[in-house]
Amino acid sequence: MPELPEVESVRRGLVRARLRAPVTELWRSRSPLRIGATWRDERLECLVGATPGEVQRRGKYVVWHFDGDDLGLVVHLGMSGRFGLATPEQPHAPHTHFVLRFADGREVRLVDPRRFGGLRAGKLDELWRSPPLGELGPEPLARGFDGRALEARAGTSARALRDVLLDQTVVAGIGNIYAVEALHLAGLHPLLPAKRLRASAWDRLAHALVTVLRQAIDNGGTTLRDFRDVSGHSGRNQDELRVYGRAGAPCPGCGTTLKGFVHGGRSGVFCPQDQRRARGRIA
DNA sequence: CAAGAATCCTGAATGC
DNA sequence: TGCATTCAGGATTCTT
């Protein structure tokens, strides 16, 4: 499930591909990738004839520039989306939903079995202003991101910390894996109401997020099942996860048995010793 | 307004 | 072995 580090790996793969030839053809499958108002007016056809340029990332979204800063393609990989390079004579892999063919004879293909991904294209400035990009919270790896940035957006919320971290308007790019990992690193209970945290705990949490995200990017992302980069390679960060998916195993910090939980229909893990509820208020 | 639940989807994993 | 059931997960929409 691509979160910020996995999307960053994909972005870097697209940059490495150095695609500079104009789009000659665009192909879409019959089945739409995402239902909902945000993705309905996709206007993908505007990319035909456009020249690809810079590839950026915002949260979990790839933001691909076309014709300089004029047009853009915004891609969310959902749960199972993969970008890959191919040539026209290669048959489409199953669940291929979107293909851009370029004048140099290469193709970029998007495969997404579960179809939770989404595509949108149009004027780049409009894309940045409107949902989903326009409503995203701060970029955790950008300069200036800190505990105060988190507290400003969630400091009065009664919601559980883990849920707050998954809210893309609070901070962009965090999914369940890195939320769970960061909360453990920060020593904070995942179900502690956000408004109970004091400033020093928000600082710890922000710092922990940056740490787990940076490490995951260095490791090429986390592949639990589906994730592959543009070259088809798996990530290596799954071997470095300290608590995610390890309920019942000993805590890597203190040896206490890690405890699993389900909240809001989403599973998680924490250490009952290192992540006591009181720690958000004390330390 | 806020928060939780339902929804979309398919392959992998589990149960019998 | 094979079939049926369960689950996972992000963002959006619906309900309370």
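Below, chain A is the first sequence line, B the second, and so on; all start at residue 1.
Side-chain N/O atoms of A:S267 include one lying less than 4.0 angstrom from OP1 or OP2 on C:dG9. Remark: A:H95 is not in phosphate contact with B:dT10, judged by side-chain N or O atoms under 4.0 Å from OP1 or OP2. At least one side-chain nitrogen or oxygen of A:Q168 sits closer than 4.0 Å to the OP1 or OP2 atom of C:dA11.
Looking only at side-chain heavy atoms (C-beta outward), A:F261 and A:R162 come within less than 4.5 Å of each other.
Other residues, nucleotides and ligands contribute only 12 or fewer heavy atoms inside 6.0 Å of the CZ atom of A:R148.
When heavy atoms are screened at a 4.0 angstrom cut-off, A:G175 is found touching the sugar-phosphate backbone but no base atom.
Judged by distance alone, with hydrogens and angles left aside, A:R114 brings no side-chain donor or acceptor close enough to the base of B:dG11 to form a pair under 3.5 Å.
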Detail all sub-3.5 Å separations between protein N/O atoms and N/O atoms belonging to nucleotides 3-6 of chain B.
from, atom 1, to, atom 2, distance (Å)
B:dA3, OP1, A:A158, N, 3.3

* Asked: Given the rule in the side chain to side chain contact (heavy atoms under 4.5 Å, CB included) test, do A:D112 and A:F98 qualify, once you have shown the distances and angles that lead to the verdict?
  -> CA-CA 9 Å; A:D112 186 359; A:F98 177 70; over 6 Å; no
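Between the side chain of A:R115 and the backbone N or O of A:H97 there is no donor-acceptor pair closer than 3.5 Å. A:E107 contributes no side-chain N or O that, together with a main-chain N or O of A:G105, makes up a donor-acceptor pair within less than 3.5 Å. A distance-only check finds a donor-acceptor pair linking the side chain of A:R57 to the backbone of A:G59 [under 3.5 Å].
Going from atom NE2 of A:H76 over to atom P of B:dC8 covers 19 Å, rounded to whole Å. The distance between atom CG of A:D167 and atom C1' of C:dG10, rounded to the nearest whole Å, is 12 Å. The NZ-C1' distance, from A:K60 to C:dT12, rounds to 13 Å in whole Å. Residue A:F261 contributes atom CZ, which lies 15 Å from atom C1' of C:dA8 at whole-angstrom precision. Between the CG atom of A:L110 and the P atom of B:dC9 there is a distance of 17 Å, given to the nearest Å. As a whole-Å value, the separation of A:L77 CG from C:dG10 C1' is 12 Å. We find that CE of A:M79 is positioned 11 Å from C1' of C:dC7, with the value rounded to whole Å. In this structure, CG of A:D112 is placed 11 Å from P of B:dG11, rounded to the nearest angstrom.
Axis orientation changes by 60° from one end of the helix from B:dA2-C:dT16 to B:dC16-C:dG2 to the other, with each end axis drawn from 5 pairs and the value rounded to 10°.
Between the side chains of A:E6 and A:S9, no donor N or O sits under 3.5 Å from an acceptor N or O.
Between A:H189 and A:F270, the angle of the ring planes lies from 30° to 60°, which puts this pair in the tilted group.
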Sequence neighbours excluded and cut-off under 3.5 Å, please list the side-chain donor-acceptor pairs for residues 210-221 of chain A, or say none.
from, atom 1, to, atom 2, distance (Å)
A:T211, OG1, A:H207, O, 2.9
A:Q215, NE2, A:N237, OD1, 3.0
A:N219, ND2, A:Q215, O, 3.2
A:N219, ND2, A:N237, OD1, 2.9

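With its ring centre under 5.5 Å from that of the base six-membered ring and a plane angle below 30°, A:F116 counts as stacked on C:dG9.
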